[in-house]
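A quick write-up on the structure given underneath.
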There are 2 protein chains.
Amino acid sequence: MNQLGESLRDRKKRRTRAALERATVRLAAEKGYDHVTVEEIAAEADVSVRTFFNYFVSKDEALIGADPETGPRMAERILAAPDEVTPFQAYRDSVLAEITDELNNARDLWLLRKEVLMQRPDLLVRAFANSAESEQLLANAVGRRAGLPESDLYPRLLVAAGSAAFRCAVTRWALDDSVALGDLVRDALDLFGTGLAHVPPHHHEGGSS
Amino acid sequence: MNQLGESLRDRKKRRTRAALERATVRLAAEKGYDHVTVEEIAAEADVSVRTFFNYFVSKDEALIGADPETGPRMAERILAAPDEVTPFQAYRDSVLAEITDELNNARDLWLLRKEVLMQRPDLLVRAFANSAESEQLLANAVGRRAGLPESDLYPRLLVAAGSAAFRCAVTRWALDDSVALGDLVRDALDLFGTGLAHVPPHHHEGGSS
DNA sequence: GGATCGTTTTGCAGTGACTGCAACTTTGCA
DNA sequence: TGCAAAGTTGCAGTCACTGCAAAACGATCC
């Protein structure tokens, strides 16, 4: 292999993965998610069906383009943050970094995903179905960083909150993209940060308390 | 039908649903979740496979025993709470009420579920895969109560936090049930309430725990 | 105690996601 | 060039899940 850059093999894998992801999203946007079979997707990406499943555990995952490197990368970032940064901040920053990266590299894909999610919001929940392993990884990183025992709820909650923030932000964004997705995710995370009980919604009306 | 109590029909439906739920959990605990087929479950509950799918959209859902009445019931409770109660409190209380009810009525089932989840923690995430509709319902209730516009992130986030709290609490509990599940859920919700950034984890630093 | 109507159950046939396995091809490296 | 490791493919098989139309069942009216 080349000394620093990726090997040919690695480059090919990346390309195949990207092609499958793109094919999934494109076809789903065009014909509706469940009118697309894995067979079609594989054909469009010019690989066999079996290969599709070598890259993604499920059709759902391919739609979101879950990348196995994301978890480890975020964990690393969390552990690498300077000492004076709180675990919350470290996690928050790693999420935001990941998102802005993603949006910079694949904004077009997200626009297509938006089409799909507008019609089938439930797919987003389902897409997280296989993320248990990643969550565990991140929770461990947060826990180590915070010096908390294995059994503590906090790391798990923080990570779950991250997923939730992302999920909600995307759902909201798919409905109306007048606010940038990145900003929505940040807002969501910050609400979790300051506490949902403290939020004094800017509501006039209703409870008139 | 009887004027007030349930009709025979309704009673039978409840019994069938309960039997299917129980069969799923029992068999999964005994033989491992994916060594159990829907066919076996249906047989154990003494109904046809087709009937299984009349009650549950998926095997996953049957494991958790997702009840279609839960969502509406919680929504009602949220809207019925007195005016001086904040949206957060109203939601929090509805979650806790639901949980304690559930634990009082089906503690034995939860002990079996614990067996299953100890071996396959990912199943819990998956079990929420089809909850998009319920989440929407609850979010609407919260939103109405808080007098927020459709597009506001807050209701969605609050509801997602509820799911997350429940998920994390159960996961934690499955690992070590020295704290009651109900208490764990409450703790988790309260952490979301006060804010994840504010948490001063009781850590004494250093990995040497 | 039927006749009737709406609801639930069931069987059946079909689709398609997903898996294990055992060739086969491609890439990395000496 | 040649060998080992990694990736790809086809194939056969399992099983979750769906639509449909017939049958069984419960509620209601006479």
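Chain identifiers are assigned alphabetically (A, B, ...) following the order of the sequence lines, protein sequences preceding nucleic acid strands; residue numbering begins at 1 within each chain.
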For this session: Kindly indicate whether a cation-pi arrangement holds for Arg107(B) with Trp110(B), taking the cut-offs as under 6.0 Å to the six-membered ring centre and within 45° of the axis.
Result: no
Problem set entry | Nearest-angstrom distance from the residue atom NE2 of His35(A) to P of dG16(C) | 10 Å
Exercise. Atom CZ of Arg17(A) to atom P of dT8(D): distance rounded to whole Å?
Worked result: 11 Å
Exercise. Could you state the CZ-P distance from Phe53(B) to dC20(D), rounded to the nearest angstrom?
Worked result: 18 Å
Exercise. Does Asn130(B) offer a backbone N or O that forms a donor-acceptor pair with the side chain of Arg126(A) under 3.5 Å?
Worked result: no
Exercise. Quick check: does any side chain N or O of Arg186(B) sit under 3.5 Å from a backbone N or O of Leu96(B), one acting as donor and the other as acceptor?
Worked result: no
Problem set entry | Pairing of Asp67(A) and Arg17(A) as salt bridge, 4.0 angstrom limit | no
Problem set entry | Distance in angstrom units between Glu61(A) CD and dC18(C) C1', rounded | 13 Å
Exercise. With a 4.0 Å cut-off, would you call Arg172(B) and Asp176(B) a salt bridge?
Worked result: yes
Problem set entry | Interatomic distance, Asp34(B) CG vs dG20(C) C1' [rounded to whole Å] | 14 Å
Exercise. Is the shortest distance from a Lys or Arg side-chain nitrogen in Glu135(B) or Arg156(B) to a carboxylate oxygen in the other one below 4.0 Å?
Worked result: no
Seminar exercise, completed: Ile41(B) atom CD1 is separated from dC15(D) atom P, nearest whole Å, by 12 Å
Exercise. Base, backbone or nothing for each nucleotide of nucleotides 6-11 of chain C, written B, S, -, heavy atoms under 4.0 angstrom, 5' to 3'?
Worked result: BSSBBB
For this session: Can you figure out which of dT18(D), dG16(C), dG28(C) approaches the side chain of Thr37(A) most closely?
Result: dG16(C)
Seminar exercise, completed: Between CZ of Phe56(B) and C1' of dA16(D) the distance, given in whole Å, is 15 Å
Exercise. Leu63(A) CG to dA17(C) P: how many Å, rounded?
Worked result: 13 Å
